[in-house]
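Before any comments, here is the structure.
Because only heavy atoms are used, hydrogens play no part in the values below, and waters and symmetry mates are left out as well, while side chains stay in. Residue numbers begin at 1 in each chain, while the letters A, B, ... track the order of the sequences.
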Amino acid sequence: MPELPEVEVIRRDLVPKVEGRRIVEARLAERRLTRRCGTPRRVEAALVGRRVTRLRRRGKFFLFDLDGDSLVVRLGMTGQLLWWENGEGFHPDRHTHACLTFDAGGVLSYRDIRKFGEMFILPTAALEHTLQLGVEPLSSEFTAQALREICRAPTRIKPLLLNQTKIAGIGNIYADEALFRAGVRPTRRAASLGPNELRSLRDAIRAVLRAGIRHRGSSIANYRDASGEPGQFAARHRVYQRHGEPCLVCGTVIRRILLGQRGTHYCPGCQR
DNA sequence: AGTACGCCCTGGCCGC
DNA sequence: TGCGGCCAGGGCGTAC
């Protein structure tokens with residue numbers, strides 16, 4: 001499931017391929033992709049002939065800037081953005097829902113088994129207002145003080161970390177891993193966290209996201225990078241999907257509970 | 001305001 | 001071998 005690190009890995013791979021390139025052909029074959037706004041035909045028409053000036057990331061969203069407008073891509077649970085140099089080896093299958101051809105011949109395809117992802121176009125100036133995303137956790141704005149403000153809420157800490165309007169880009173895997181590294185139980189009320197815990201959690205969030213990027217993402221289910229390769233970070237998960245196994249730090253059996261309808265993994269020994 | 005729950009969607013897995 | 005049933009879960013809408 002692509003979260004901030006996976007999106008960032010793909011973005012970095014794609015930057016040298018697409019930045020400065022012009023889109024010569026666009027095909028969207030799935031109506032659901034544009035459900036938030038527009039239609040497949042309108043998005044296709046808005047893409048052809050446009051040059052990608054920059055490829056940015058905001059939370060879990062890709063932003064392909066097109067000189068005034070931006071193509072927004074979110075991968076949902078099973079989305080993949082795959083790059084095919086000169087179109088070589090590209091064969092769309094039943095899960096390939098979109099395909100962009102660039103002026104140098106490269107092809108960017110969008111594949112999504114469960115169709116939870118989306119793809120639409122907005123004026124660049126409207127992005128922030130429309131997407132309603134919180135602070136970027138890897139930016140300098142994400143200080144312990146910023147996290148303290150976010151945590152002034154009666155909610156439990158884990159659902160808060162998953163709230164994209166508070167902090168952008170954290171999903172189920174990195175929330176569980178960050179809480180483990182910070183020694184904080186996912187069921188704790190956010191407002192009950194002390195200064196040391198807030199600092200520790202802020203540092204843990206940044207460390208785990210950076211580690212995820214360094215190891216090219218977590219390949220649970222079907223995450224693949226732009227070249228179709230899996231990431232290596234899942235082997236370094238300390239709690240996520242390790243329930244029933246001993247904690248690597250204290251040996252206590254990792255537990256799995258439901259929190260906000262999400263599978264939640266934690267160590268009862270290390271997390272208080 | 002938080003929290004619960006259903007929905008979307010498909011492949012993988014389980015039990016029979 | 002085959003098939004029904006269940007599960008995962010990001011984000012959103014609805015109800016309480």
*Can you tell me the distance, in whole Å, between the CG atom of A:L258 and the P atom of C:dG9?*
9 Å

*Please state how far atom CD1 in A:I113 lies from atom P in B:dG12, giving the value in whole angstrom units.*
7 Å

*How is A:Y240 classified with respect to the nucleic acid when contacts are heavy atoms under 4.0 Å: base, sugar-phosphate, or nothing?*
sugar-phosphate

*For A:F116 and C:dG10, are the ring centres under 5.5 Å apart with planes inclined under 30°?*
yes

*asked:* Can you identify which nucleotide, out of C:dG10, B:dG11, B:dA4, has its nearest atom closest to the A:R94 side chain?
replied: B:dG11

*Would you say A:R32 reaches B:dC7's phosphate, i.e. side-chain N/O to OP1/OP2 under 4.0 Å?*
no

*asked:* Below the 4.0 Å mark, does C:dA8 have OP1 or OP2 next to a side-chain nitrogen or oxygen of A:R114?
replied: no

_What contact category does A:R35 fall into here, base, sugar-phosphate, or nothing, at under 4.0 angstrom with non-hydrogen atoms?_
nothing

*If only side-chain N and O atoms of A:K115 are considered, is one of them under 4.0 Å from the OP1 or OP2 phosphate oxygen of B:dT10?*
yes

*Measure from the side chain of A:H95, starting at C-beta and using heavy atoms only, and say which of B:dA1, C:dG11, B:dG11 lies closest.*
B:dG11

*Send over the distance from A:K158 NZ to B:dA4 C1', rounded to a whole Å.*
16 Å

*If you look at every strand shown and take non-hydrogen atoms under 4.0 Å, does A:E3 touch a base, only sugar-phosphate, or nothing?*
nothing

*asked:* Can you measure A:Q80 atom CD to B:dT10 atom P for me and round it to whole angstrom units?
replied: 15 Å

_Atom pair distance, as rounded to whole Å: CE in A:M77 and C1' in B:dC9_ = 10 Å

*Does the distance from a Lys or Arg side-chain N to an Asp or Glu carboxylate O, for A:R272 and A:E197, drop under 4.0 Å?*
no

_Euclidean distance, atom CG of residue A:D176 to atom P of C:dA8 [Å, nearest integer]_ = 13 Å

*With sugar-phosphate meaning primed atoms plus P, OP1 and OP2, does A:G117 contact a base, only sugar-phosphate, or nothing at under 4.0 Å between heavy atoms?*
nothing

*asked:* Once rounded to the nearest 0.5 Å, what's the spacing between atom CG of A:L127 and atom CD of A:Q132?
replied: 12.0 Å

*Out of C:dG10, B:dT3, B:dT10, which has the shortest distance to the side chain of A:T155?*
B:dT3

*Once you round it to whole Å, what is the distance between C1' of B:dT10 and CD of A:E30?*
12 Å

*Kindly point out which of B:dT10, C:dG10, C:dC12 is positioned nearest to the side chain of A:R36?*
C:dC12

*Could you state the atom-to-atom distance from NE2 of A:H265 to P of C:dG9 in whole Å?*
6 Å

*Is there a side-chain polar atom (N or O) of A:T78 under 4.0 Å from OP1 or OP2 of B:dG11?*
no

*At under 4.0 Å between heavy atoms, what does A:R152 touch on the DNA or RNA strands: base, sugar-phosphate, or nothing?*
nothing

*For the residue pair A:Y174 and A:F233, does the interplanar ring angle fall in the parallel (under 30°), tilted (30 to 60°) or perpendicular (over 60°) class?*
parallel

_Partner of A:T264 under side chain to side chain donor-acceptor pair (under 3.5 Å), chosen from A:K158, A:R255, A:R185_ = A:K158

_Reading DNA chain B from 5' onward, which residue's closest nucleotide shows up sooner: A:Q261 or A:L160?_
A:L160

*A:H237 side chain to A:R242 main-chain N or O, any donor-acceptor pair under 3.5 Å?*
no

_Given B:dT10, B:dT3, C:dG9, identify the nucleotide with an atom nearest to the side chain of A:R262._
C:dG9

*Is the centre of the A:F102 ring less than 6.0 Å from the centre of the A:W83 ring?*
yes

